[in-house]
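Within every chain, numbering begins at 1; the chains are lettered A, B, ... in the order of the sequence lines, protein sequences first and strands thereafter. Both backbone and side-chain heavy atoms feed into the values below; hydrogens, waters and symmetry mates do not.
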Amino acid sequence: MRGESLKGHLDLLILAVLSQGPLHGYAVIEELRSRSNAVFDLPEGTVYPALHRLEKAGLLSSSWSEETGRRRRTYDLTRKGRASLVSGRSSWQDFSLAVSQVLKGASWNPT
Amino acid sequence: MEPDLIDAYVDELRRSLARNRRAADVVAEVEDHLRESARRLSGHGVDAVTAQRHTIDRFGDLRVVTRAFATDAGGLAMATPFTRAAGAIGYLAVALWLLAAAARGLDYFVVPESDTRMYAAVSVLAALATIATAVTIAGMLVRSGGVRGVAALIALAAMVLAALMMATAPWAWVFTAVPLTAAAIIAVWRMRAVGMGGRWADLSLVLAWPAGVLLTVVGEAIRIGPRDYYGDYPWAFLAGLVVALLLYCAGLVGVSLRLRTEQPVGEAAVAGSPA
């Protein structure tokens, strides 16, 4: 999938990946690719600014460790991040359902 | 000896981010990613140079990556209650623009004598329309990462200037077109950078006022309709204004739709969230 199409939803996807537990950046990207069956295949370098933004907004926390002689940063969801994920997931499901119904050509009753 | 492509990439990134106060952390994190990726590929039997090259290709063009790190100084690029409200105000802006145009038309072509109340009504409506549009522009900036940063501040300042110009001299819209267009370009550019662009609406918003001014200039040059007391050709101005407003309103509707469609992910959700 083209990065441009994905970028608007990247923040929510990252929150979802990290809901399973703390991961470093490389593992976040691998999870994104693996869970989407390689459909979400965007330039890996553009994921890190998103991780930093989410941390700055208080949705993620990060910590540094030493791994095979290199510094490694690991990210985790904060309470605020978990709440945003719950809300974002619900909004996405409503939106996705509505789009599917329209594409199918079926009438859509929101109740 | 084979060149270490990752070293070269990381060195270039370090140079590119020299002015970034978080550069050391960013470079350390990127290097960890690249080394880990190359190590895993080598573990599958890929030779070292190919593994490094493939890893760097996957990480992305250095210019794109550097730009992404350099422009993440803003806030979170997500829908918020404000962006939804800004979308709703965008519709109000459209209504106000059309009312202002109608009032201007009445003032110029219907009311026989110069009427100060009519002139004041045009000024107030045009200024209110610009203020409502400024809120929509602010919504676009917030949705694309926040209102901090030079570009966003320029866009907002341009809208304030435009509102002042509309309030004091609505007839001089060909000059007010400059700040309105500058703000539109910045907001559209920011939205497109986070994948929230819309082709026709973006084009309408950005090209509306330049198209209107161009049509007016051409109309004046070829002398459309009768000449007025000031030596101008009012039909040329009218044609330019109508085209500018129709395109601008179409662009605002498109942007408002995008801002309104998304449900906010924000503080309200946090307050009611599970622990």
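- Residue B/R35 touches chain A through both its backbone and its side chain, counting heavy-atom pairs closer than 4.5 Å.
- For the 3.5 Å distance criterion, the side chains of A/S91 and A/D94 fail to qualify, holding no donor opposite an acceptor.
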Which donor-acceptor pairs under 3.5 Å do side chains of residues 131-138 of chain B form with protein atoms, sequence neighbours excluded?
{"from": "B/T133", "atom 1": "OG1", "to": "B/W97", "atom 2": "NE1", "distance (Å)": "2.9"}
{"from": "B/T133", "atom 1": "OG1", "to": "B/A129", "atom 2": "O", "distance (Å)": "2.7"}
{"from": "B/T136", "atom 1": "OG1", "to": "B/A86", "atom 2": "O", "distance (Å)": "3.3"}
{"from": "B/T136", "atom 1": "OG1", "to": "B/G90", "atom 2": "N", "distance (Å)": "3.2"}
{"from": "B/T136", "atom 1": "OG1", "to": "B/A132", "atom 2": "O", "distance (Å)": "3.2"}

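- Looking at A/W92, there are no atoms closer than 4.5 Å to chain B (heavy atoms on both sides), in backbone or side chain.
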Indicate every side-chain donor-acceptor pair of residues 23-31 of chain B with a distance under 3.5 Å to a residue at least two apart or in another chain.
{"from": "B/D25", "atom 1": "OD1", "to": "A/R71", "atom 2": "NH1", "distance (Å)": "3.4"}
{"from": "B/D25", "atom 1": "OD1", "to": "A/R71", "atom 2": "NH2", "distance (Å)": "2.9"}
{"from": "B/E29", "atom 1": "OE1", "to": "A/H52", "atom 2": "NE2", "distance (Å)": "2.8"}
{"from": "B/E29", "atom 1": "OE1", "to": "A/R73", "atom 2": "NH1", "distance (Å)": "3.4"}
{"from": "B/E29", "atom 1": "OE1", "to": "A/Y75", "atom 2": "OH", "distance (Å)": "3.3"}
{"from": "B/E29", "atom 1": "OE2", "to": "A/Y75", "atom 2": "OH", "distance (Å)": "2.4"}

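- There is no contact between A/R89 and chain B, counting heavy-atom distances below 4.5 Å.
- No side-chain donor-acceptor contact under 3.5 Å links A/T78 to the backbone of A/S61.
- Only the side chain of A/R70 comes within contact range of chain B, with at least one heavy atom under 4.5 Å from a heavy atom of that chain.
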